[in-house]
Novice: 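Pasting a structure here, questions to come.
Worth saying up front: this structure is predicted, and the values here are computed from it rather than measured. Residue numbers begin at 1 in each chain, while the letters A, B, ... track the order of the sequences.
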There are 2 protein chains.
Amino acid sequence: MPGADGSGFTAANLPYGMFSLDGETPRAGVRIGHHVLDLAPALHDEVFASGSLNAFLARGRTAWHDIRRRIQCLLDADAPEAAANRAALEPHLVPLERVRMHLPVEIGDYVDFYCSLEHATNLGRMFRPDENPLKPNWRHLPVGYHGRSGTVVVSGTPIVRPRGQRPPAPDSKPPRPVFGPSAKLDIEAELGFVVGTPTRLGETAGDLADHVFGVALVNDWSARDIQAWEYVPLGPFLGKSFATSMSAWITPLEALAHARVPGRAQDPEPLDYLRRREPWGLDITMEVLLDGERVSRPPYREMYWTPDQMLAHMTVNGARLRTGDLFASGTVSGPDAGQRGSLIELTWNGSEPVKLSDGRTRAFLEDGDTVTVTATAPGPDGTPIVLGEVTGTISPARTAP
Amino acid sequence: MPGADGSGFTAANLPYGMFSLDGETPRAGVRIGHHVLDLAPALHDEVFASGSLNAFLARGRTAWHDIRRRIQCLLDADAPEAAANRAALEPHLVPLERVRMHLPVEIGDYVDFYCSLEHATNLGRMFRPDENPLKPNWRHLPVGYHGRSGTVVVSGTPIVRPRGQRPPAPDSKPPRPVFGPSAKLDIEAELGFVVGTPTRLGETAGDLADHVFGVALVNDWSARDIQAWEYVPLGPFLGKSFATSMSAWITPLEALAHARVPGRAQDPEPLDYLRRREPWGLDITMEVLLDGERVSRPPYREMYWTPDQMLAHMTVNGARLRTGDLFASGTVSGPDAGQRGSLIELTWNGSEPVKLSDGRTRAFLEDGDTVTVTATAPGPDGTPIVLGEVTGTISPARTAP
C-alpha cells in the first residue's frame with residue numbers, strides 16, 4: 001500500500017471514520033496511509049453505509065475483530081493473492097485530500113472524568129487555594145460528570161468563543177456578575193473511549209474490551225471564567241457545553257495492544273469493584289500544538305485512574321451503556337511542567353504566559369488561534385500507531401443576541 | 001367522547017405519548033379520557049408511526065398547533081359533522097387498559113436545573129451546614145447540570161436500588177468509603193420540558209414556545225449517600241444516573257395557556273439575557289404519593305427561575321438544542337413544609353420520618369415502595385388539565401456483580 005509505510009497509518013493501525021465525497025451521504029472508511037478505504041463496497045457490507053459507525057459498533061467485539069482481520073488480510077503484501085487483493089481494493093481507495101470527515105458516531109451520553117492526579121491537584125490549588133487541593137473522595141473513585149453530547153463536534157469544526165456570566169469583580173459592591181465573551185478560553189487535551197456494546201439498565205459492565213470499541217482524541221474546550229462562577233454546587237455546565245471536539249478517526253482498542261501498561265500505582269488500594277483485573281494503562285504520548293508549535297507533551301501513561309476503572313465506576317450503580325456513548329479521561333497532565341494538558345495549568349491561570357517562537361505570548365486562547373492535539377502509541381515491530389488529530393480554530397464571539 | 005368529561009383529559013388537554021398493543025411497534029397517540037387515539041390512521045399521517053414523537057416534534061410550532069386544532073375539530077360535539085367525525089374516529093380509539101406505554105421521545109441531552117429557592121436552601125443547610133446555604137451564584141443564574149439521558153425511563157419502569165460508595169463513617173481511621181446499596185434512596189418531584197425545535201451550534205434559543213413542545217412530570221431518583229460523597233467538585237453523577245422517570249404523556253405547552261402566571265419576583269434583577277419577556281410561570285399543583293398516600297403538594301408556581309429563563313441560560317453560550325432534549329426544573333419545593341418535593345427535605349435528612357396512615361414511617365425509600373407524582377393545572381371554563389402521572393416501584397439492589 002503506497003504511503004502506508006512510515007505514515008503511522010499502516011495495517012497495524014486502521015482507524016475508522018465517517019467520510020463523504022462531493023456532498024454525498026457520509027460512509028464509513030478506514031484510514032490507510034494517506035487514503036480512506038470505502039468499506040461498504042470494499043467489504044460488500046451495507047452496515048458501513050448506514051450513516052454512522054453505530055450499527056457496526058453495535059455488532060460487538062467478535063465482529064470488530066473479524067472485520068479488522070479481513071482488512072489486514074486484504075492488505076497483506078506477502079499473501080499469495082496479494083496482487084488480486086490489491087486490484088480489488090484499488091477502486092475503493094480515496095485520497096484523504098478529497099474527503100470531508102464527519103462526526104464518527106452518534107453520541108449517546110458523554111461523560112468526562114478527572115483522572116489525572118496532577119491536573120486535579122493543579123486545578124484544586126487554583127480554584128480553591130485555601131483548601132486541600134484534592135477533595136476527600138478523589139483517591140477513592142474516578143470523579144466524573146456528564147457533559148453535553150449534542151455539542152460534541154468533529155475535528156476541524158470552528159469553535160465560537162462562548163458568552164456567559166463571569167465572576168463579579170473583587171471590588172464590586174454589591175457583587176454582580178459580568179456578562180460577555182469568555183476571557184479565559186482554554187483547552188483540555190484528553191483521551192476519549194467510544195462504547196460499542198451496550199448494557200441493560202441495572203447491569204454493570206464487564207471487561208473494557210468487551211464494551212469499548214476504540215479511542216479518540218478529545219479537546220474539551222473550557223471557558224474558565226464561566227466555569228469558576230457557575231460550578232458550585234452542581235459542577236461545570238456552560239463553561240464546557242458550548243463545544244467538545246473529537247478526532248475524526250477512532251483507533252480500535254485492538255490496535256493499542258502494544259501500548260498497554262499496568263497503570264500508575266494507587267494508594268489507597270481502591271474498593272474491589274474498582275480493582276484492576278488487566279493492564280489498561282496506555283502508553284500514549286500526546287502533543288498539544290498552538291498554531292502548529294508544540295506547547296506540551298501530556299503522557300497518558302501517567303494517569304491515576306485507568307479506563308477499565310472509569311467504566312466499572314460509571315456502571316456500578318446500574319446505569320446502562322448505549323452504543324455510541326463517549327467517556328473521556330479528563331485533562332491529561334503529567335508530573336512535569338511541560339506535560340500539562342491545559343493552558344490554565346501551563347500558564348498558571350494566566351500568570352506565566354506561554355511564549356511562542358515568533359514572540360507572541362498566550363495566557364488563554366485568542367480569536368484565530370488554532371489548537372491541535374496529536375498522539376502516538378507504540379505499535380508492533382517498533383512502528384508507531386498514530387492517532388487521528390483533533391483540531392479547532394477560535395472564532396470571535398457573536399455580537400447580536 | 002364518553003369518559004372524556006370530568007377525566008381531566010378533555011379536548012382542552014390532549015397529551016401525546018407512545019403506545020403499543022400486543023407487542024407491536026410503538027405508535028403515537030393522544031389521550032382522550034380513558035382512551036388513546038391512534039394518530040397515524042386517524043389523521044392519515046405516517047409521522048405518528050415513526051417509532052417516537054421526535055419526527056413530529058421536529059416539525060415545529062405551527063405543525064403542533066395545526067394537528068391539535070384538527071383533533072379538537074374532530075372531537076367537537078357541536079360541529080355539524082360531529083356524528084360523521086365520531087364514526088371516523090371510533091375505530092382508532094383504544095381503551096387505556098389495553099395499551100402499554102413507552103418512553104415518548106428519544107432523549108437528546110437531559111439537563112436538570114435547581115430552580116426552587118426553598119429546595120436549594122434546604123439542601124444547602126443539610127449538605128453544607130457551616131456555610132450560607134445559597135452559593136453566591138444562585139440568585140444570578142439558574143444553576144443546572146447535565147444528567148444521563150440513557151437512563152431516562154418511562155413511568156412504571158421498576159427502579160433498582162443502586163449500589164455505590166457511601167461516605168466514610170465519622171469515626172473510621174483512616175476514613176474509607178463504604179460500598180453497598182444506597183441507604184438514602186430519595187425522589188425529586190420535578191417538571192420537565194421537552195424540546196421540539198432545535199437550534200444550530202452557536203445560536204441562542206428564542207421564545208420558549210418556539211422551541212418547547214410540552215411538559216412531562218419527572219421523578220429524578222436520587223441516592224443521597226452516594227451523591228453526598230461523590231459530588232465535589234464536579235457535581236452529582238452516580239447518585240442520579242441510575243434512573244430518571246418521566247411520565248408517558250407529554251402535555252402540549254398550548255394546553256397550559258390558562259396556567260400561565262408571571263413567575264415569582266426576583267431580587268436582584270437578573271442580567272438582560274435572563275429577563276422575562278412573557279409570563280412563563282406555570283400554576284401547576286403537584287402531588288407526591290407514597291404507596292397511594294399523599295405526602296406532599298409541591299406548587300410549581302412558586303419556583304424562582306422560570307422555564308424561559310432556563311432555556312435562555314442553557315443556550316446563551318451557543319450550545320445547540322436538539323429535538324428530544326429534556327430539561328427539568330429541579331425539585332419543586334414550596335415555602336411550606338407540606339410542599340417539599342423530596343424526602344430528604346420532608347424528613348429533614350431522615351431525622352423526622354414521614355408517618356403513613358397505617359402506622360408505617362419512612363425516612364427514605366424502602367424496597368417495594370411505590371412513588372407516584374401527579375399534577376393538575378387550570379384549564380378553560382374551570383375544568384382542570386391533568387398531567388400524566390409518573391410512577392415507579394423500588395426493587396432490591398442486585399447482589400451479584
Novice: Is it true that, when you exclude Arg200(B) itself, more than 12 heavy atoms of the residues, nucleotides or ligands shown sit nearer than 6.0 Å to its CZ?
Specialist: no
Novice: Closer than 3.5 angstrom, by distance alone: can the side chain of Arg148(B) be matched with the main-chain N or O of Arg320(A) as a donor-acceptor pair?
Specialist: yes
Novice: Using atom types as modelled and distance alone, determine if a side-chain donor or acceptor of Asn317(B) lies under 3.5 Å from a backbone N or O of Pro162(A).
Specialist: no
Novice: For His146(A) and Tyr145(B): C-alpha separation, side-chain torsions, deciding distance, then whether ring-ring contact (aromatic ring centres under 6.0 Å, His included) applies.
Specialist: CA-CA 8 Å; His146(A) 287 90; Tyr145(B) 71 105; 8.5 Å; no
Novice: Side chain from CB out, backbone as N, CA, C, O: work out which of these in Arg128(B) comes under 4.5 Å of a heavy atom of chain A, or both, or neither.
Specialist: side chain
Novice: Indicate yes or no: at least one non-hydrogen side-chain atom of Pro236(A) is less than 4.5 angstrom from one of Leu234(B).
Specialist: yes
Novice: Heavy atoms only: give me the nearest Thr157(A)-Leu201(B) pair and the separation to one decimal.
Specialist: CG2-CD2, 4.5 Å
Novice: Does Gln165(A) reach the main-chain N or O of His140(B) with its side chain, forming a donor-acceptor pair under 3.5 Å?
Specialist: yes
Novice: Check whether any side-chain heavy atom of Tyr231(A) lies under 4.5 Å from a side-chain heavy atom of Pro233(B), and answer yes or no.
Specialist: yes
Novice: Quick check: do His313(A) and Leu238(B) have side-chain heavy atoms less than 4.5 Å from each other?
Specialist: yes
Novice: Can you tell which part of Pro136(B) gets under 4.5 Å to a heavy atom of chain A, answering side chain, backbone, both or neither?
Specialist: both
Novice: Heavy-atom distance under 4.5 Å to chain A: side chain of Leu123(B), backbone, both or neither?
Specialist: neither
Novice: Side chains of Arg322(B) and Ser149(A): is there a donor and an acceptor less than 3.5 Å apart?
Specialist: yes
Novice: Is it the side chain or the backbone of Asp272(B) that comes within 4.5 Å of chain A heavy atoms, both, or neither?
Specialist: neither
Novice: Just verifying a value: how many Å separate Phe179(A) CZ and Leu141(B) CG, rounded to the nearest 0.5 Å?
Specialist: 11.5 Å
